[in-house]
Amino acid sequence: MPQDNLKEKLRQKIKHRIYFYRLRLHCILPIIPHPSRERALGHSRRDKDVENTETRPQDGEEATLQCVWAVDFYTPSSIPMLRKRLEKLSLGKKEIFSDFDPTEWLTGMREASGPTGWASLGAIKRRGDKRHWTRAKVGPLPDLADHASLSLLHISPSVTALIVRFNLTQKRSTRFMDILSKDHDLLFKSYGRAYSVLGPEEQKRQAIIQERRSLRLEIAEWFKDNVPGILSASDPKRLPMCELLMIDHNPELPRSKIDDMLEIEMKFEWGQSTQWPGVGFLWPLNRELRDSFHGALVADRKPLSVLDTKIYGSDPDRYPDVFDNEMNDFVVKWGLLSVVREMAARLSRLRDAELGLRRRNASAALSLLRKMTLESADVASMAHDFARLNEEKRRKGDNTFLVKSHREGEEDTDLVQWLNDTIAQRARELGRQDTSLKTLAMQSGNLLVAAQNLNLQRWVGWLTIAAVVLAVVSAIDPAEKLWKKLEPAFKTEAVEGVKPKTTPVPIKPPPSTQPQK
C-alpha cells in the first residue's frame, strides 16, 4: 500500500512537470495548444447546444435596427464652418429650397436672439435612387445608411444643433438577427498562462457590441468629414446617438434570451413613453456599452400597432417618421448633457496642465492663450444659456419618458425635466469652473509678461555692456590713425630750429677775489 501511494505521487509529479513544460512552450510559441484546452472545452461542450437554442430567435420573433439619430453642436466660433459645409453638401442653396435659404434663416435666428427655432435641411440620398423626395440631394453617406434626413435646431444665440437621422440599409438593419440566428461553437481564448472559454451566448453578445461600436464610429467619421462640430471634431466616441430598435414577439411562445442579448428590458423600468405605447428609452446598461451607443429607443410592435399611422403611408418601416419630430427635440436634450461634459473635460485638462504654458516660448503661449480666449467665450455663453434650461416650461402633449421610482411613495420622474435640471446644474458648475480658469489664465499671463520683462532686462544689460566694449574697441583704431598723422608734424618743427621750451637754470656768481679782512 505505501508503495502504491509512492507510485501515484511520482506519477502526479511527472504529470505536473509535463504540464508545466507544455505551458512554458505555449507561452513562448502561442501556436502550440494550451495544455488545458481539451479539458476546458470538454467541460463546456455540454452547454453549447443549450445556449445556441436559447439565444436563437423563435418563430415570429424579430429585432430590427431601423435608424440611428445623431446630433452635434456648433458654437459661434464654428458657425462659419457649418455654413460652408452645408453649402458644400448643396443643402444651403436655393436650388434645393425654393422658399427659403437655411443659412440665411440661421443667421436671422442668431441675430434675433429670440426663442428656439427648427428648420428642415431635406435629405441626402445615393446616386441612382429613384424615390421621389422633396428637398433631396445626392451626397456622401456612410455605408450603413440608405438615406439621411437633416434638421437644424436653433437652441440659443450661442448653440446650434444639427440632427441627422440615418435610415439603415436592409443588410445593416437585420444585422442583429443574423448574429442571433447563427450557431456558434465554443471558442477557447488563451492569455498566456490563463484562458477562458466563450460559449455561443457570450460570442453573440460580443458580436452585437462590436456591431453597435462599428455603427457609432462610421456615423462619427461622417460627421467629422462633412460637418464637424464640438463633439465629433474632438472625440468621436462622445457623439450622442440614439438607435431605434423594433422588437416583435410571438405571444404564443415563451420568450427567448433575445432581450438579454440586446441589453434591453421589455419592462421599460427606465424611460417609459407616455405618448407611444410599448416604447421606452433605455440608457447604457454597463460600462462597456458606453463605447457602443448612448441610448436606445426600443419599441414593441404589437402595443404600438394601436396608433393610427396612416398619414405616414403603408410602409412597415414608417416608425422613424412617426418618432422623428419628438425624437429630434429629445436627442438634442440628451446630447446637451454630453456637450456640458465635454466642455468641463476641456477646462479640466487645461487646468491640470497649468494651461500648457510651462516650458513654452512667448509666441506659442500667446497662440494658446488666443485659442483659450475663443473657447472661453463659447463656454461662458453656453453656460449662461444652459443654466436657464430648467426654467423651460413643458407643453402639454409633448412626448416624455417617465422613469419609475423604486422607492415607495416617490413619484415617477420626467426624464426630459431631469435632463433639463441636470444640464442647468452642471452648466452653473461649468460657469464657475470657467471663471476660475480665466483667473488662472490671467495670473499665468501676468507671470508670463513678468518673466519676459526680466528676460528683456537681462538681455538689455548684456547688450549695454557689449555696446560699451564695442565703442571702446572701435575708438582705439581711429586714435592710432590720428597719432600717425600728427607724429610727422612734431618731428618737422625740431629740425627747423624751433627751440623746445626749457626751464631756465639760475647762474651762480663767481667767488670774490678781494682779500679778506
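The analysis underlying the following values was restricted to heavy atoms, covering all of them including side chains, and did not include hydrogens, waters or symmetry mates. On a predicted model such as this, the values are computed, not experimentally measured, just so you know.
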Fill in the blank from the handout: Closest heavy-atom pair, Met241 versus Ala220, reported as atoms and distance to 0.1 Å, is CE-N, 4.0 Å
Problem - Test item: side-chain donor near acceptor, Glu202 and Gln206, under 3.5 Å - result: yes
Problem - Nearest non-hydrogen partners of Ala63 and Phe176, listed with the distance - result: O-CB, 4.3 Å
Exercise for the section: Please examine the side chains of Asp72 and Val227, heavy atoms only from C-beta on, and report whether any two atoms are closer than 4.5 Å. Expected result: no
Practice task
Would you check if Ile79 and Thr160 make a side-chain contact, meaning some heavy-atom pair closer than 4.5 Å?
Solution key: yes
Exercise for the section: Salt-bridge test for Arg205 and Glu201: reply yes if a basic N is under 4.0 Å from a carboxylate O, no otherwise. Expected result: yes
Practice task
Evaluate the side-chain proximity of Val138 to Arg126: yes if any heavy-atom separation is below 4.5 Å, no if none is.
Solution key: no
Problem - Any Leu337 side-chain heavy atom under 4.5 Å of Arg426 side chain - result: yes
Exercise for the section: Let me see the working for Glu326 and Trp276 under side chain to side chain contact (heavy atoms under 4.5 Å, CB included), right down to the final yes or no. Expected result: CA-CA 11 Å; Glu326 287 78 5; Trp276 303 315; 3.7 Å; yes
Completion exercise
Value for CD (Gln203) from CD1 (Ile208), rounded to nearest 0.5 Å, stands at 12.5 Å
Problem - Side chain to side chain, Trp118 and Ser151, heavy atoms closer than 4.5 Å - result: yes
Handout entry: Expected output: side-chain Asn167 to main-chain Ala148 donor-acceptor under 3.5 Å
Key = no
Practice task
Return the orientation label for the Phe281 and Phe401 ring planes: parallel under 30°, perpendicular over 60°, tilted otherwise.
Solution key: tilted
Handout entry: Basic-acidic side-chain contact under 4.0 Å: Arg301, Glu62
Key = no
Exercise for the section: Verify the distance criterion only: is there a donor paired with an acceptor across the side chains of Asp421 and Gln425 at less than 3.5 Å? Expected result: no
Problem - Note, Leu244 side chain near Val68 side chain (heavy atom, < 4.5 Å) - result: no
Practice task
Side-chain contact test, heavy atoms from C-beta onward, threshold under 4.5 Å: evaluate it for Pro140 versus Asn226 and give yes or no.
Solution key: yes
Problem - Test side chain to side chain contact (heavy atoms under 4.5 Å, CB included) applied to Leu121 and Leu162, step by step - result: CA-CA 10 Å; Leu121 296 181; Leu162 175 64; 3.8 Å; yes
Practice task
Provide the closest heavy-atom pair for Pro200 versus Lys48 in the form atom of the first, atom of the second, distance.
Solution key: CG-O, 3.7 Å
Exercise for the section: Return yes if some donor-acceptor pair links the side-chain N/O of Asp248 with the main-chain N/O of Asp300 below 3.5 Å, else return no. Expected result: no
Problem - NZ/NE/NH1/NH2 to OD/OE distance under 4.0 Å, Arg165 and Asp321 - result: yes
Practice task
Take Glu218 and Arg172 through the salt bridge (charged side-chain N to carboxylate O under 4.0 Å, His left out) test and state the conclusion after the steps.
Solution key: CA-CA 12 Å; Glu218 288 186 42; Arg172 297 302 289 268; 3.3 Å; yes
Problem - N/O donor-acceptor pair under 3.5 Å between Ser181 side chain and Met177 backbone - result: yes
Handout entry: Pairwise distance CD(Glu54) to CG(Asp49) - rounded to 0.5 angstrom
Key = 11.5 Å
Problem - Considering all heavy atoms, the nearest Phe223-Val71 contact - result: CZ-N, 4.5 Å
Problem - Distance (rounded to the nearest 0.5 Å) between Arg85 CZ and Leu82 CG - result: 10.0 Å
Practice task
Supply the atom-to-atom distance Thr55 OG1 to Glu51 CD, rounded to the nearest 0.5 angstrom.
Solution key: 7.0 Å
Handout entry: Euclidean distance, Trp222 CH2 relative to Ser232 OG, rounded to 0.5 Å
Key = 9.5 Å
Problem - Polar side chain donor-acceptor pair, Asp146 to Thr169, under 3.5 angstrom - result: no
Handout entry: Trp418 vs Thr422 side-chain heavy atoms within contact, under 4.5 Å
Key = yes
Problem - Leu245 and Thr64: CA distance, side-chain angles, deciding distance, side chain to side chain contact (heavy atoms under 4.5 Å, CB included) verdict - result: CA-CA 6 Å; Leu245 187 61; Thr64 56; over 6 Å; no
Practice task
Quick one: closest heavy-atom pair of Leu297 and Cys242, and the distance?
Solution key: N-SG, 3.7 Å
Problem - Worked verdict on Leu153 versus Ile163 for side chain to side chain contact (heavy atoms under 4.5 Å, CB included) - result: CA-CA 8 Å; Leu153 182 63; Ile163 310 103; 3.9 Å; yes
Problem - Pair Trp69 and Phe323, ring centroids less than 6.0 Å apart - result: no
Practice task
Please confirm whether the backbone N or O of Leu180 pairs with a side-chain atom of Lys204, one donor and one acceptor, at under 3.5 Å?
Solution key: yes
Problem - Atom pair CD1 (Ile124) and CG (Leu141), whose distance is rounded to the nearest 0.5 Å - result: 6.0 Å
Problem - Lys/Arg N to Asp/Glu carboxylate O, Glu243 vs Arg212, below 4.0 Å - result: yes
Exercise for the section: Kindly give the heavy-atom pair with the smallest separation between Tyr74 and Gly229, and that separation in Å. Expected result: CE2-CA, 3.5 Å
